[in-house]
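Because the structure is a prediction, the values reported are computed rather than measured. Remember, it's 1-based here, ligands and their atoms both numbered in the order they're listed.
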Amino acid sequence: MPSSDVGAEAHDVVIVGTGFASSFFLLGYLERASPDARIIVLERGRRNDHAWQIEHRANSDVVAADLFQRRGDPDKNWNFTIGFGGGSNCWWGNTPRMLPADFELQSRFGIGTDWPLSYDDLAPHYERVEREMEIAGPADSSPFPRRGPYPQPPHRLNEAERLLKRAYPGQFFATPTARARLPARSRGTCCANGVCNLCPVDAKFTIQNSLAHLYEDPRVTLLLGAEALAVETAAGRATGVVCRHQDRETTVLGDLVVLGANALFNPAILLRSGLHHPLLGRRLHEQVGLLAEVHLDGVDGFQGSSSVTGHGYMLYDDDTRRRTKAACLIETWNVGTFRPNYGRWLQALPLRLVFEDLPQDRNRVELSLDPPGRPVATFEERSEYAMRAVRDIGPDLERVLAPLPVERVVIEAAPEPTESHVQGTTVMGDHPDSSVIDRFCIHHGIRNLVVLGAGAFPTGSPANPTLTLCALSLWSVDHLLSSAA
Ligand SMILES: Cc1cc2nc3c(=O)[nH]c(=O)nc-3n(C[C@H](O)[C@H](O)[C@H](O)COP(=O)(O)OP(=O)(O)OC[C@H]3O[C@@H](n4cnc5c(N)ncnc54)[C@H](O)[C@@H]3O)c2cc1C
């Protein structure tokens, strides 16, 4: 559709982005919108389908690193995908929920900030997202309260994981994942080859393989190659989105504006819109990931039926620990390098140790002056809370791994440059002075502007964020449509 046509029309909703946050919002919106509703979705990237991605061995034709600048810690990176479906193209599909305590760090442990909503508020929406993604998850019990079994049975654990399960029945679980265990509606079954960012059999949930139908709904217009630049406002209301499409700038009009461009670009769009707030762009953070490998005596790893099959909570929800140092989620893997010992190649268990980080104001997204308006992600350092836990991991792990026949544990010296989770920057809260958006992801100042995604997270738990941010989108749209009814 030419830009001039788009600019002339009025829409009920303008949505920015086609990733998880926007697509789950659209899913909830379409279910209750009238037959004559008019929704336009602006997507900056192109639609590179699964076949294109496999052929080009890439998730996108856009190099994400070219779209923003980095400052501060030179080793700190941020990772995401531009294009139809956003990060669903490259994600690995791990989908733990946050624990109830993760929403209440301040009241329970005296650190960080409480979320303005509780686990129970989000629980029905978690369940809905898990159904849509056909999550394979533990059949026995789970570390967080949930009703009934997961849509799919759990992936098979490897031998070392089965020993951990026996030793820690209430703290070690099969990883909940969007990598199919059984053939799913529109996906193959996981083949456990560990290249999940480019899944060769299309076994993980993606927007392209499971929610593309939303964009074919006659009420929806999808505009590819349309970069949202700013939200236009008048008299305290959003009136539309200024975007660049086909080398022209145009304003797409709408009664409701929804930003789902991720936690790097949402704050950039808001800053360009002149919607300043002391916390806008601040508290950029993600988990701290540390790789380790456990060499075992006579016990094999690597026979699990997916890439990441185990989640250990032994260093996570402990009251004493969390008052002083970060919770750690222990991921146990079936991919990684084999052990360099003849005849004992498989006697190893690769780990990814995922620590929560406490958001800090000085880690931030701003706009550059040259070129003007480009996002700059400045990351000074991780919190002492996280790094204390990282420093203590040797003895902590020795204790946790005691039930296994461990020969040695090799822990990487430094954390990974990124966990590929961009969080913070448009934080939610009850008070306009101390948060950018409210508990329903609605901008405190502009009440018809919704800002979705993990930017809303006041604190980030060790859990991967995507299931939670999708549940937040459903919670937000549910509120908007209920209060409008
Ligand atoms: C390699 C990798 C592995 C991951 N694995 C996991 C995992 O196992 N579990 C998990 O929970 N999370 C994982 N993640 C993180 C996950 O991808 C993100 O949490 C998720 O994609 C965020 O969803 P979102 O919709 O907020 O943003 P995105 O998915 O980033 O979507 C943003 C959308 O907006 C578009 N866009 C951006 N700017 C503009 C603009 N100005 N105008 C118009 N459109 C715009 C983008 O093209 C994109 O479509 C992984 C990420 C990576 C990179």
Side-chain angles (χ1 to χ4, degrees), residues 14-26 41-48 59-62 64 67-68 77-98 129 133 135 175-179 195-199 204-208 222-231 241-245 252 258-270 272 286-287 289 306-308 331 352 354 373-375 418-423 425-426 441 451-457 460-473:
V14 185
I15 299 180
V16 173
T18 56
F20 290 101
S22 302
S23 297
F24 274 87
F25 187 94
L26 184 58
V41 185
L42 310 177
E43 168 51 58
R44 177 178 190 163
R46 273 183 274 270
R47 190 167 184 160
N48 300 313
N59 295 116
S60 171
D61 55 339
V62 177
L67 304 185
F68 70 108
N77 207 353
W78 305 96
N79 198 11
F80 53 89
T81 292
I82 292 293
F84 182 71
S88 74
N89 294 295
C90 64
W91 81 321
W92 276 53
N94 293 329
T95 51
R97 294 184 183 188
M98 284 171 44
V129 180
M133 293 186 175
I135 299 298
T175 303
T177 173
R179 298 180 300 271
V195 286
C196 306
N197 51 315
L198 270 174
C199 176
K204 68 182 181 188
F205 169 93
T206 67
I207 304 300
Q208 304 226 36
L222 170 63
L223 206 61
L224 294 169
E227 181 193 1
L229 302 172
V231 179
V241 175
V242 182
C243 76
R244 190 182 297 125
H245 183 236
V252 178
V258 179
L259 301 184
N262 92 23
L264 271 184
F265 298 110
N266 280 347
I269 293 170
L270 294 174
R272 283 190 220 108
E286 65 172 336
Q287 294 79 1
S306 191
S307 50
V308 184
E331 290 183 349
R352 189 175 193 112
V354 186
R374 177 187 288 241
T418 179
E419 283 300 284
S420 303
H421 304 153
V422 197
Q423 302 174 169
T425 72
T426 55
C441 304
V451 186
L452 301 173
F457 290 14
S461 82
N464 315 58
T466 306
L467 188 84
T468 299
L469 73 87
C470 292
L472 272 181
S473 288

At a 4.0 Å threshold, what atoms of ligand 1 neighbour a non-hydrogen atom of Asn79? 1 (C), 53 (C)
Out of Gly86, Gly17, Gly260, whose heavy atom is nearest to atom 32 (C) of ligand 1? Gly260
Where ligand 1 meets Glu227 - atom numbers and elements under 4.0 angstrom, heavy-atom basis: 41 (N), 42 (N)
For atom 44 (N) of ligand 1, closest protein heavy-atom neighbour: Arg44 N, 3.1 Å
So does Arg272 have more than 12 non-hydrogen atoms from other groups sitting under 6.0 Å from CZ? yes
Polar side chain donor-acceptor pair, Asn59 to Asn197, under 3.5 angstrom: no
Under 4.0 Å from a heavy atom of Gly93: which atoms of ligand 1 are those, numbered in the order shown and with their elements? 7 (C), 8 (O)
What protein heavy atom sits nearest atom 53 (C) of ligand 1, and how far away is it? Cys90 SG, 3.3 Å
Please confirm whether Thr466 comes within less than 3.5 Å of ligand 1 when only nitrogen or oxygen atoms on both sides are compared. yes
Reported CG-to-CZ distance for the pair Leu229 and Phe265, which is rounded to 0.5 angstrom: 12.0 Å
Do Ser420 and Asn79 have side-chain atoms, one donor and one acceptor, less than 3.5 Å apart? yes
Need the ligand 1 atom indices (1-based, order shown) with element for anything under 4.0 Å from a heavy-atom of Gly87. 17 (O), 21 (O), 28 (P), 29 (O)
Nearest heavy atom to atom 9 (N) of ligand 1, choosing from Leu224, Thr177, Asn94, belongs to Asn94
Report the part of Leu452 (side chain from C-beta onward, or backbone N, CA, C, O) that has a heavy atom under 4.0 Å from ligand 1; answer both or neither where that applies. neither
Nearest protein heavy atom to atom 5 (N) of ligand 1, by residue and atom, and its distance? Trp92 N, 3.0 Å
Give the residue and atom name of whichever protein heavy atom lies nearest to atom 38 (N) of ligand 1, and the separation in Å to one decimal. Ala261 CB, 3.6 Å
Any nitrogen or oxygen of Phe265, side chain or backbone, less than 3.5 Å from one on ligand 1? no
Could you establish whether Gly83 and ligand 1 come within less than 4.0 Å of each other, counting only heavy atoms on the residue side? yes
If you have a sec, work out which protein heavy atom is nearest atom 49 (O) of ligand 1 and how many Å separate them, to one decimal? Glu43 OE1, 2.6 Å
Side chains of Thr425 and Leu264, heavy atoms from C-beta outward: is any pair under 4.5 Å? no
Does an N or O anywhere in Phe80 fall below 3.5 Å from an N or O of ligand 1? no
4.0 Å heavy-atom contact, Leu469 with ligand 1: yes
Would you give the length of the straight line joining atom OG1 of Thr18 to atom CD of Gln208, rounded to the nearest 0.5 angstrom? 8.0 Å
Residue portion contacting ligand 1 (non-hydrogen atoms closer than 4.0 Å) for Ala226: backbone
Taking the ring of Phe20 and the ring of Trp91, is the distance between their centroids below 6.0 Å? yes
Please list the nearest protein heavy atom to atom 15 (C) of ligand 1 with its residue and the distance rounded to 0.1 Å. Ser420 O, 3.2 Å
Show the atoms of ligand 1 that are less than 4.0 angstrom away from any heavy atom in Leu42. 43 (C), 44 (N)
Determine whether Leu223 and Val41 make a side-chain contact, defined as any pair of heavy atoms from C-beta on separated by less than 4.5 Å. no
Does a donor on one side chain and an acceptor on the other come within less than 3.5 Å for Thr418 and Glu286? yes
Of His421, Lys204, Arg46, the residue with the heavy atom nearest atom 13 (C) of ligand 1 is His421
Ligand-side contact atoms (ligand 1) for residue partner Gly19, heavy atom cut-off under 4.0 Å: 25 (O), 29 (O), 31 (O), 33 (C), 49 (O)
Looking only at protein heavy atoms, what sits closest to atom 40 (C) of ligand 1 is Ala228 N, 3.6 Å
What residue and atom, counting heavy atoms only, is the protein's closest point to atom 20 (C) of ligand 1, and at what distance? Phe20 CD1, 3.5 Å
Per-residue contact class, Val16 against ligand 1 - non-hydrogen pairs under 4.0 Å: side chain
Sub-3.5 Å N/O-N/O distance, Ile82 and ligand 1: no
Taking all non-hydrogen atoms of both residues, which atom of Phe84 and which atom of Asn89 are closest, and how far apart? O-ND2, 3.0 Å
Give yes if a backbone or side-chain nitrogen or oxygen of Asn197 is under 3.5 Å from a nitrogen or oxygen of ligand 1, and no if not. no
For His245 and Glu227, does a side-chain donor sit closer than 3.5 Å to a side-chain acceptor? no
Atom pair CG (Leu224) and CZ (Arg44), whose distance is rounded to the nearest 0.5 Å: 13.5 Å
